[in-house]
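Below is one structure, written out as structure tokens, with a few remarks after it.
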Number of protein chains: 4
Amino acid sequence: MMTAAASGRPSKREAIIETAERLFADRGYDATSTALIAHEAGVPAGLVFYHFATKLDLLLAIVHERPTPGEVLRTAARGRSVHRRLRAVVSSMAEELERNRAARIIVFREAQARPEIAERAAELFDEATTTVAEILSGAEDVVAEPDRVRTAADLIVSRVFLDIIALGQADTATKRHAAMIDLIEESLTTPHAE
Amino acid sequence: MMTAAASGRPSKREAIIETAERLFADRGYDATSTALIAHEAGVPAGLVFYHFATKLDLLLAIVHERPTPGEVLRTAARGRSVHRRLRAVVSSMAEELERNRAARIIVFREAQARPEIAERAAELFDEATTTVAEILSGAEDVVAEPDRVRTAADLIVSRVFLDIIALGQADTATKRHAAMIDLIEESLTTPHAE
Amino acid sequence: MMTAAASGRPSKREAIIETAERLFADRGYDATSTALIAHEAGVPAGLVFYHFATKLDLLLAIVHERPTPGEVLRTAARGRSVHRRLRAVVSSMAEELERNRAARIIVFREAQARPEIAERAAELFDEATTTVAEILSGAEDVVAEPDRVRTAADLIVSRVFLDIIALGQADTATKRHAAMIDLIEESLTTPHAE
Amino acid sequence: MMTAAASGRPSKREAIIETAERLFADRGYDATSTALIAHEAGVPAGLVFYHFATKLDLLLAIVHERPTPGEVLRTAARGRSVHRRLRAVVSSMAEELERNRAARIIVFREAQARPEIAERAAELFDEATTTVAEILSGAEDVVAEPDRVRTAADLIVSRVFLDIIALGQADTATKRHAAMIDLIEESLTTPHAE
DNA sequence: TATGAATGAGTTTTCATTCAT
DNA sequence: TATGAATGAAAACTCATTCAT
């Protein structure tokens, strides 16, 4: 007997998760009723609670069942120069966040009031920062010390996360990213005048 | 006949706003009942709706009746050097955000699902960035072009805002800020190698 | 010192009554709040309860402070023939009901659930029927017995009241009234074939 | 799997409708709380809103889920003479209205302030009038023209409706009906003297 | 006679969750 | 694994009425 997933038939559990993700991102967790999720997912109301014991469990499933930005970053192209690596890192992060926009919004928005999720948000942020720092420090032309590389990584990750979770002005993002890359690049490739 | 405000007697309207601000920040807008607000503010439940037609109106009052970070920044100390200005700007922003932490959290958290508030969030961010850029460009030792100054301002504001609205690790903030100031300072005072 | 009424200045009490009458007729007694009445009348909320001890008292004032249809009917023109009297009676009743439409609607609508008002509704109806019967029986060419005249009066009053209180199709009323007059006239002027 | 209806078990939805009908008629729509309805129907408060999205929907269900007086009239006995038909029509209408008294009261009382229901009230009235006119015009001894038959039908329906919706004096109704039948009969069976 | 804030009981409605089938 | 009715606690909001001034 094949599972729903293996058979290609979209499992109802998946449908619930995906619908919930979209709705939670659009209207917020509290403002989304389980009945609405069921309705929009095309499943009976009771089924939500067959698959998820509570509404919070459904939220946690969304929050944990996505690849982390860090994982994706690790596969980013690694050119020789800081410049190339910066560009690869920023664009692959932006892309990933865009792809999982709903999940990211949810994580960061709900983090404020829910310790469980705050922990996850911190995890995602730290992992991303660490990965970016690693990538940058591997470039040929880096002259900055590890701490400064970390600071640069932190600024980059902060700015790109903020795009998504609060002020997503997609139209101006590319230009802004280029300017940021430029500034950061210089600070990593210029000898630090003490 | 004296008004409540003039008489020094704390108006019940103020009590409601302040209590709501605290609770909204702690538990989220949706998760805070108007009954709880009234209870904690020490007023009868009905009074909330005498002063604010709807719960959303109460939220909007909180969101609009606070000084903006930009206003506060404008009064920040302006030393001669980029370094001094950066320090003044970062610390006064951090201080202001800390003071109005609740209101800021609310604005940015609730912005996701509420266009009216999203607009306000963008306003606050833009005003802060513009003000920071202005302050920095007035320093004696700036060599960077206006665009770069703006980019630097954007990075600073992003990072400090993010502290508050999502991942406020107050313990490491000071150190992180110093590192950021250092990096940014250099990028503004070092001639740009084209 | 002149009273408000005598001075020509519209008393606020009057304003409240008139506004309440309109609103009660449009939206129903229960669905009209005293706050709305005060607002639309342009008076402060507290004043309603200065003039009327309870909301029900305000309703009763409206219900009792209008001339009855019977009073108006008594002044209707009295021609010689049944025909003339019928026409006079029907048109003066229709006119009166139109003028006091709101009050009539209120009386009959609220009568269902409020004994005090049901009594008033029955009063208005009986008085009107009795007056119409009197007027008709005084015509020269009446041959019908008093009971039949009363029956005719009852049908007329029923039909005209119904126009107002439930199915007021003002456009077709005139034609309908003419046909009714015609039918009734004949029944009163033709010797009853036993 | 049997449905509640098929199983003979009284459905809770039905219980809600019937209880609401009674209470709305007795105390008025606005003055009847959904909590009271639920309580008297013996169901939990929440169930009302599972079956009816809003209180108004419950009212509309009552207003639309009853046979119309016209339908019932169509099955009224049709004797040969106008007299027999009049008696059959009046008594079957009175009976029907008595049986569905609550629903009729509700329709006509609530029509004033609610267009949706006003439409239904007009429908019920028109259908009844048309059916009565049809029945009367089929009698052997009718000499009146169609327009006059319609006028007679209108008077009859008006009077019987008014009994129910506003001034239901059940005690005198029978006598009044007999007198009305008498008057109307004559007007339909006597040649019209132009 | 006027005023507007205050009060608290009551209203409709929502909703996570349970349960019998 | 599904299903849809059922449940009851809690939510936002309304409102007649009171009261100090």
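Values in this document were obtained by computation on a predicted structure and should not be read as measured data. Protein chains get the first letters and strands the later ones, always in sequence-line order, with residue 1 at the start of each.
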Does the side chain of K12(A) get closer than 4.0 angstrom to OP1 or OP2 of dT3(F) through an N or O atom? yes

For DNA chain F, the dot-bracket notation using Watson-Crick and G-U wobble pairs below 3.5 Å, [ ] for pseudoknot-type crossings and | for other-strand pairs, is .||||||||||||||||||||

By nearest atom, which of the nucleotides dA16(E), dA6(F), dT17(F) is closest to the K55(C) side chain? dT17(F)

If you check the H51(D) side chain, which of dA6(F), dA16(E), dT17(F) turns out closest? dA6(F)

Whichever of L56(D) and G46(C) has its nearest DNA chain E nucleotide further upstream toward 5': G46(C)

Any ring pair (Phe, Tyr, Trp, His ring centres under 6.0 Å) involving residues 41-61 of chain C? Give me the pairs, sequence neighbours left out, ordered by first then second residue. none

Smallest separation among heavy atoms of I37(A) and T19(A), with atom names: O-CG2, 3.7 Å

Verify the contact: side-chain N or O of Y50(C) to OP1 or OP2 of dA2(E), cut-off strictly under 4.0 Å; return yes or no. no

Got a salt bridge between E65(A) and R13(A), using NZ or NE/NH1/NH2 to carboxylate O under 4.0 Å? yes

Carboxylate-amine/guanidinium proximity below 4.0 Å for D26(B) and R101(B): no

dC15(F), dA6(E), dA2(F): which one has an atom nearest the side-chain heavy atoms of L47(B)? dA6(E)

Starting at CD1 of I106(A), measure out to CZ of R120(A) and round the result to the nearest 0.5 Å. 13.0 Å

Using a 4.0 Å heavy-atom cut-off, does T34(A) contact any base of the nucleic acid, only the sugar-phosphate backbone, or nothing at all? base

If you check the F49(D) side chain, which of dA6(E), dT13(E), dA12(F) turns out closest? dT13(E)

Does R22(A) come within less than 4.0 Å of E40(A), counting only side-chain N to carboxylate O? yes

